[in-house]
Protein chains: 4
Amino acid sequence: MTRMSTATKTKVEQSSERRDEILAIAARLISRRGYSATTVRDIAEEAGILSGSLYHHFASKEAMLQEILHGFMDRLLTRYDEIAANATDPRAGIDALIECAFETIDREPAAVGLYQNEAAFLSTQPGFEFLLAESTRIEKIWIAQLRAGQEAGVFRAEGDPAVTYRFIRDAVWATVQWYRPGGRHTVASMTEQFLKLLHDGLSTR
Amino acid sequence: MTRMSTATKTKVEQSSERRDEILAIAARLISRRGYSATTVRDIAEEAGILSGSLYHHFASKEAMLQEILHGFMDRLLTRYDEIAANATDPRAGIDALIECAFETIDREPAAVGLYQNEAAFLSTQPGFEFLLAESTRIEKIWIAQLRAGQEAGVFRAEGDPAVTYRFIRDAVWATVQWYRPGGRHTVASMTEQFLKLLHDGLSTR
Amino acid sequence: MTRMSTATKTKVEQSSERRDEILAIAARLISRRGYSATTVRDIAEEAGILSGSLYHHFASKEAMLQEILHGFMDRLLTRYDEIAANATDPRAGIDALIECAFETIDREPAAVGLYQNEAAFLSTQPGFEFLLAESTRIEKIWIAQLRAGQEAGVFRAEGDPAVTYRFIRDAVWATVQWYRPGGRHTVASMTEQFLKLLHDGLSTR
Amino acid sequence: MTRMSTATKTKVEQSSERRDEILAIAARLISRRGYSATTVRDIAEEAGILSGSLYHHFASKEAMLQEILHGFMDRLLTRYDEIAANATDPRAGIDALIECAFETIDREPAAVGLYQNEAAFLSTQPGFEFLLAESTRIEKIWIAQLRAGQEAGVFRAEGDPAVTYRFIRDAVWATVQWYRPGGRHTVASMTEQFLKLLHDGLSTR
DNA sequence: CATGAATGAGTATTCATTCAT
DNA sequence: CATGAATGAATACTCATTCAT
């Protein structure tokens with residue numbers, strides 16, 4: 001992973017429609033083939049320009065990746081914060097977080113898929129420290145709801161909330177790999193089936 | 001270092017200890033950085049030889065990847081087949097499949113991690129058709145157990161077994177990203193906590 | 001430096017001056033050392049750029065070779081067709097074909113030399129089928145003249161025209177190995193001496 | 001072209017059946033694909049051994065090439081010397097040289113083909129000075145016969161014998177590319193047709 | 001804003017050769 | 001004599017990036 005040149009860093013801020021279009025293309029391609037396997041030429045081609053012209057919009061390939069991920073996590077955290085602030089009880093809170101995740105998968109599958117494939121490695125790389133910071137904040141929001149539910153007696157007391165959180169998180173986010181908007185499943189049906197399984201369990205009593 | 005099971009030892013490429021060592025190194029590196037981002041030089045260096053010398057053992061970088069994945073899936077399918085054949089009832093069957101998955105994560109985390117990151121894209125690539133074929137066979141084994149449980153009345157009837165399978169599969173396999181053998185959690189504790197959550201659900205009644 | 005005839009300028013790859021320059025350099029080097037022994041670095045160095053920069057102009061080393069050979073054969077066939085169409089009698093036709101060959105050797109010795117050394121093997125390789133196709137068309141043009149001459153009684157009837165053609169062809173083209181423009185011999189003197197030997201024979205009567 | 005190691009040069013002399021077999025294989029492959037394009041592994045494979053084992057017989061790939069070419073030219077020169085010594089008159093001398101060439105093509109087509117493709121470039125390379133030396137001796141033998149024929153009045157006086165020699169030489173040797181022993185043509189028929197064309201010419205009078 | 005030519009560092013792969021066994 | 005593992009230098013090719021136009 002190459003280091004960013006500081007000289008061109010001021011570009012990052014000037015948002016425009018063209019930039020967003022290109023970022024969406026980049027996210028889509030990277031989510032499919034992976035960051036290393038996606039070339040700057042692939043992205044440019046899809047955008048209908050030459051690869052060199054991309055550098056008029058972005059300082060580097062890595063800068064595009066950062067912008068995609070930062071935007072994605074910021075939006076997600078904003079929604080999660082809102083949910084946590086408005087949650088009337090832990091059960092409703094958890095359900096809302098889960099529904100929000102499914103909605104996010106539906107709304108921006110490319111960013112979700114990209115995050116899933118690349119985040120683990122990237123969070124150890126310079127320039128991507130924000131990934132760890134923001135995912136830790138997210139984890140705290142979830143665990144707070146889980147712990148509150150345990151204390152309120154609505155969630156079982158036995159499980160380690162951190163582990164429970166990860167089971168939930170991974171089961172939900174991973175659906176981006178097979179859930180296709182407009183297909184057999186909808187956000188509502190996915191959410192419903194997941195919540196039923198999560199809360200009531202697989203087994204009858 | 002993983003050794004190949006005798007079941008798959010009949011491959012065209014006769015396995016030697018050196019080959020297995022190199023494959024284990026390759027699997028470890030690729031599972032961390034991704035296939036494209038892992039260079040044959042990285043692998044060779046870790047094996048203590050020059051990159052060109054790898055080609056004495058393997059035809060190509062891609063051939064290494066195929067061998068790792070094929071070996072992994074073959075071993076897994078063998079175990080799953082055995083479990084399905086010996087399962088006394090659906091509940092025991094599902095539990096054994098889950099335990100087997102956690103054991104596999106414990107035994108060969110590199111192959112599991114690699115599979116998770118790369119399989120989705122690779123299965124569309126020529127030379128990796130076996131990925132789809134074998135994962136379909138695996139899916140069938142799981143769904144058969146789930147459906148049998150529904151019919152026997154021990155599993156809730158509402159959920160689509162295919163969807164339930166995917167929730168379970170992703171939650172379990174994804175633990176390879178954070179489960180560390182020798183750490184706080186063990187195969188037994190992970191299995192136990194997951195089974196409890198899965199069967200009884202998160203909520204109290 | 002050879003320039004492409006307008007007849008072949010309608011290729012997919014739009015020719016630019018830079019491309020033509022590089023192709024001429026490549027043809028020269030390959031004609032001397034052979035295709036395998038000529039590296040893309042050799043070609044790039046001679047062109048004053050780095051080897052990687054060649055790929056801005058050409059898809060591969062092989063693509064350069066194809067373009068050189070295709071261009072050469074197209075130009076040659078065009079001239080031969082014209083000669084055959086305008087030939088007043090077989091003797092004049094054969095003489096014009098021979099003169100044309102010597103002129104071609106004089107005008108583009110690199111392409112001729114390259115063709116001579118590589119065509120035999122290349123014509124069996126995928127992507128070079130046009131070599132066989134075009135050389136067959138050329139052979140037909142020559143043999144038609146030879147046969148017409150035999151029938152008209154101006155050429156001896158004994159010889160197999162196909163064999164005679166090959167004797168002529170090889171004697172003429174091979175001169176590219178030792179004929180040097182600007183040296184002792186000229187196109188005119190070479191043509192003259194060859195025609196005399198061919199038509200009247202070596203022996204006095 | 002790498003330089004030969006003097007340390008292993010003593011090997012060159014110990015001839016054996018196995019060596020000759022391998023040299024024949026090498027000559028065949030190199031005559032088809034060219035020296036650079038023929039790998040030492042290709043040769044070894046065809047000989048049924050591993051590439052490293054070749055170095056038990058030969059000091060290097062280049063040493064094999066030298067031995068093939070040296071042997072070929074030595075044999076040819078020996079025959080030519082004999083012919084020149086026994087020639088009763090120039091016409092018989094030239095005819096015998098030509099017949100000898102066709103016989104050589106028939107007997108060792110691989111060496112002839114190899115020589116034709118590689119000699120021009122190789123003769124400028126260190127270690128292959130003998131090519132120029134021997135081919136010059138050969139040229140002298142031919143030219144002597146041609147000049148003697150001119151002086152005796154049996155060959156036309158107009159042509160430059162050096163040029164005539166080259167026309168003959170190239171037409172004859174090049175037949176190795178298309179003459180197939182056991183096919184339509186024989187050494188005798190090729191010789192006959194060539195001699196008729198050469199001496200009497202193509203045109204009737 | 002975009003092009004097109006170029007860079008320079010890197011990538012996978014090849015190959016002649018060596019050498020301990 | 002032959003193997004098999006390794007070397008080291010070279011090979012074709014890729015790719016993020018730069019920059020004059």
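Every chain is numbered from 1, with letters handed out A, B, ... down the list of sequences.
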Review point. Given that B:V40 and D:T38 both sit by DNA chain E, which one's nearest nucleotide is further toward the 5' end?
Key: B:V40
Check your understanding: If you check the C:K61 side chain, which of E:dT11, E:dG4, F:dA12 turns out closest?
Key -> F:dA12
Review point. With both distances kept under 3.5 Å, what pairs with F:dT14, Watson-Crick or G-U wobble?
Key: E:dA9
Point to revise | Per D:L50 side chain, nearest of listed nucleotides F:dT17, F:dT3, F:dC13 | key: F:dT3
Review point. At under 4.0 Å, does any side-chain N or O of C:S53 touch on OP1 or OP2 of E:dA5?
Key: no
Study note, to complete from the structure: Considering only heavy side-chain atoms of B:H56, the closest of F:dA5, E:dA12, E:dA16 is F:dA5
Review point. What's the CD-C1' distance between B:E45 and E:dG10, to the nearest Å?
Key: 14 Å
Exercise for review: Decide whether a cation-pi geometry holds between A:K61 and A:Y55; the criteria are a distance under 6.0 Å from NZ or CZ to the six-membered ring centre and an angle within 45° of the ring axis.
Suggested key: no
Review point. Given that both distances must come in under 3.5 Å, which nucleotide forms a Watson-Crick or G-U wobble pair with F:dC1?
Key: none
Point to revise | Touch class at under 4.0 angstrom, heavy-atom based, for B:S36 against every strand present | key: nothing
Exercise for review: Classify the angle between the aromatic ring planes of B:F72 and B:Y115 as parallel (below 30°), tilted (30 to 60°) or perpendicular (above 60°).
Suggested key: tilted
Point to revise | Residue A:Y55, side-chain atoms from C-beta onward, closest of F:dC13, E:dT13, F:dA16 | key: F:dA16
Exercise for review: Mind calculating the distance between CG (D:L65) and P (E:dC15) to the nearest angstrom?
Suggested key: 17 Å
Point to revise | A:H57 backbone acceptor or donor facing A:R19 side chain under 3.5 Å | key: yes
Review point. Got A:L69 and A:E118 here, is their nearest side-chain heavy-atom distance under 4.5 Å?
Key: no
Exercise for review: Can you figure out which of F:dC15, F:dT11, E:dT13 approaches the side chain of B:S60 most closely?
Suggested key: E:dT13
**Study point:** Closest nucleotide among E:dC15, F:dT17, F:dA2 to the D:T39 side chain
**Key:** E:dC15
Check your understanding: Any side-chain N or O of B:R18 less than 4.0 Å from the OP1 or OP2 oxygen of F:dG4?
Key -> no
